[in-house]
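I have placed the structure first, in the form of structure tokens, so that the comments after it can refer back to it.
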Amino acid sequence: MFLTAGLVVCAGLLTLARPGRATEIGALVAPHAAVATTAAARPSSLLDSLKGRSQKLRARFLSPSRAMALPVLRELFGDSAVRRAGVYVATDPAGPFHFITMRPFSDKVRGRIGRYRIGFFPSETRAARSPAYRNPEGFLEVTAANQETPISEHFRLGDFLTKDQGSVWPKYLVLREPLIDKLELVLDELRATGVPVSRLRVMSGFRTPQYNAQGVGAGGRASDSRHQYGDAADVYVVNGDRDWMSDLNGDGRVDTHDAKVLAEAAERVERAHPDLVGGIGIYRANAVHGPFVHIDVRGTRARWGSL
């Protein structure tokens, strides 16, 4: 055990030393991260403001510039948490809260980070159509060991990974907290209106540009799809064992009417929280998937499908 500027570190557990007692404040799990000075503060006062509108977020994703602007990260884990990508965990009465620091965008070289193929974002080859379409700030590094990290009450880090390169680790992910917050609020809204929901399944979260390009064309994916920017997800409700949209309106069938129930819940969330405005689109079933709903937080209202 050693003491450094008010912190006691013992077996990887970070505690805040105060006169006459020590209060547990967090566990450090990122490898090789150093411990630095912290200010005395209660975990609740530091973390509650980071849990989103839903109060169900369990993670914050931090580019180097965002990490520099978040004093709580330095207070809990020191300067290394700002400089080095990794997962840092702070204890909280509601459960562990994760600070996940990113690899910078500049680590992508010739369309890859290591063996993982990412490709090239639209604004790398032409001017961004708006600030919302600029290159991401960085990438979350997802390993086989950390993919189950809870990022909210109902979602895990790995839920949003691109569906390819299955054997390649680590993988890299772009993801924004407002999307997760909105999905949690949609779950709350469905349940509040009496719609049974066991799970909100993410069919497609982040798509690397190289993966997205495989479906670009008439009737397919948009070349500037919001999925590439980490603020869009295609989702459906799963109740029971079958991985398929459930009968949400109780008419005995599964079709776009059930997707509309989900879309209308997202619409109500946007009305209640205008800062989470974005796209909502309904998609029909085909031979390989049931009906689903696209939800994003692009910052402007967009609607398509049977709405």
Asp188 vs Lys56, side-chain contact (heavy atoms from CB on, under 4.5 Å): CA-CA, chis, key distance, verdict: CA-CA 10 Å; Asp188 287 346; Lys56 293 183 178 179; 2.5 Å; yes

Residue pair Glu153, Lys51: steps toward the side-chain contact (heavy atoms from CB on, under 4.5 Å) verdict: CA-CA 10 Å; Glu153 184 174 317; Lys51 296 176 183 176; over 6 Å; no

Test side-chain contact (heavy atoms from CB on, under 4.5 Å) applied to Asp275 and Arg53, step by step: CA-CA 10 Å; Asp275 54 316; Arg53 299 285 190 181; 3.2 Å; yes

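One N or O on the side chain of Asn239 and one on the backbone of Ser198 form a donor-acceptor pair closer than 3.5 Å. Within the 3.5 Å criterion, the main-chain N or O of Asp48 finds a donor-acceptor partner in the side chain of Gln55. Between the Asp296 side chain and the Leu179 main chain, no donor and acceptor come within less than 3.5 Å of each other. A donor-acceptor pair under 3.5 Å is formed between the side chain of Arg191 and the backbone N or O of Val197. Under the 3.5 Å distance criterion, the side-chain polar atoms of Glu189 are left unmatched by any main-chain donor or acceptor of Ala266. With hydrogens and angles disregarded, a donor-acceptor distance shorter than 3.5 Å links the side chain of Arg60 to the backbone of Leu50. Remark: the backbone N or O of Leu62 is not paired with any side-chain donor or acceptor of Thr101 at under 3.5 angstrom. Checked by atom type and distance alone, the side chain of Lys182 pairs as donor or acceptor with a backbone atom of Leu276 at under 3.5 Å. Although no hydrogens or angles enter the test, the distance criterion places no donor-acceptor pair under 3.5 Å between the side chain of Asp234 and the main chain of Ser204. In this structure, Gln165 contributes its side chain and Arg117 its backbone to a donor-acceptor pair below 3.5 Å.
If you take CG on Leu173 and CG on Leu161, they are separated by 5.5 Å, rounding to the nearest 0.5 Å. Rounded to the nearest 0.5 Å, atoms OG1 (Thr208) and CZ (Phe206) are 5.5 Å apart. Here the straight-line distance linking atom OG of Ser167 with atom CZ of Arg115 works out to 6.5 Å at 0.5 Å rounding. Distance check: Asp92 CG to Phe97 CZ gives 8.0 Å after rounding to the nearest 0.5 Å. Atoms CD and CH2, from Gln147 and Trp169 in turn, are 3.5 Å apart once rounded to the nearest 0.5 Å. Expressed to the nearest 0.5 Å, how far OG of Ser54 lies from CG of Leu187 amounts to 9.5 Å.
Taking the six-membered ring for Trp and thresholds of 30 and 60 degrees, Tyr133 and Tyr229 have ring planes more than 60 degrees apart, a perpendicular arrangement. Ring geometry for Phe139 against Phe105 counts as parallel: the plane angle stays under 30°, on a 0 to 90° scale with 60° as the upper cut.
Closest of all the heavy-atom pairs between Arg253 and Asp258 is O-OD2, 3.0 Å. Closest approach of Arg207 to Ser225, counting heavy atoms only: NH1-OG, 3.5 Å. Thr143 approaches Pro170 most closely through the heavy-atom pair CG2-CB, 4.1 Å. Heavy atoms only, all atoms of each residue included: Thr162 and Tyr116 are closest at CB-OH, 3.8 Å. Pairing each heavy atom of Ile100 with each of Ala59, the nearest pair is CD1-CB, 4.5 Å. Taking every heavy atom of both residues into account, Asp247 and Asn249 meet most closely at OD1-OD1, 2.9 Å.
Annotation: His154, atom NE2; neighbour count of heavy atoms from other residues, nucleotides and ligands within 6.0 Å is above 12.
Cluster membership check: Ile295 does not share its hydrophobic cluster with Val277, using side-chain heavy-atom separations under 4.5 Å among Ile, Leu, Val, Met, Phe, Trp and Tyr. The cluster map of Ile, Leu, Val, Met, Phe, Trp and Tyr, joined by side-chain heavy atoms under 4.5 Å apart, puts Leu157 and Val89 in the same cluster. Both Val202 and Ile151 are part of a single hydrophobic cluster, where members link through side-chain heavy atoms under 4.5 Å apart. If you chain together hydrophobic residues whose side chains sit under 4.5 Å apart, Phe120 and Val174 never meet in one group.
Legend: residues meeting side chain to side chain donor-acceptor pair (under 3.5 Å) with Thr149, ordered by chain and number and at least two apart, are absent. Scanning for side chain to side chain donor-acceptor pair (under 3.5 Å) contacts around Lys171 gives an empty result, with sequence neighbours left out.
In this model, no donor atom of one side chain and acceptor atom of the other lie less than 3.5 Å apart for Asp164 and Gln214.
Within the 4.5 Å cutoff, the side chain of Leu200 has heavy atoms near those of the Val237 side chain. Considering only heavy atoms from C-beta on, Phe160 stays 4.5 Å or farther from Leu140 through its side chain. Counting heavy atoms from C-beta on, the side chains of Tyr211 and Lys163 come closer than 4.5 Å. In this structure, the side chains of Pro291 and Arg284 stay at 4.5 Å or more apart for every pair of heavy atoms. Using a 4.5 Å heavy-atom threshold, the side chains of Arg221 and His227 count as separate. Under the 4.5 Å side-chain criterion, counting only non-hydrogen atoms from C-beta, Glu270 is in contact with Ile280. Side-chain atoms of Met245 and Leu262, non-hydrogen and from C-beta on, do get closer than 4.5 Å to each other. With a 4.5 Å cut-off on side-chain heavy atoms, Ile118 and Pro209 count as touching.
Legend: salt bridge (Lys or Arg N to Asp or Glu O under 4.0 Å) pairs involving residues 128-150, not counting sequence neighbours, sorted by first then second residue: Arg103-Glu141, Arg129-Asp224.
Taking 4.0 Å as the cut-off between side-chain N and carboxylate O, Lys260 and Glu267 do not count as a salt-bridged pair.
A distance below 6.0 Å separates the ring centres of Phe292 and Tyr283.
The cationic group of Arg199 does not satisfy the cation-pi geometry with Tyr236, failing either the under 6.0 Å distance to the six-membered ring centre or the 45° limit from the ring axis.
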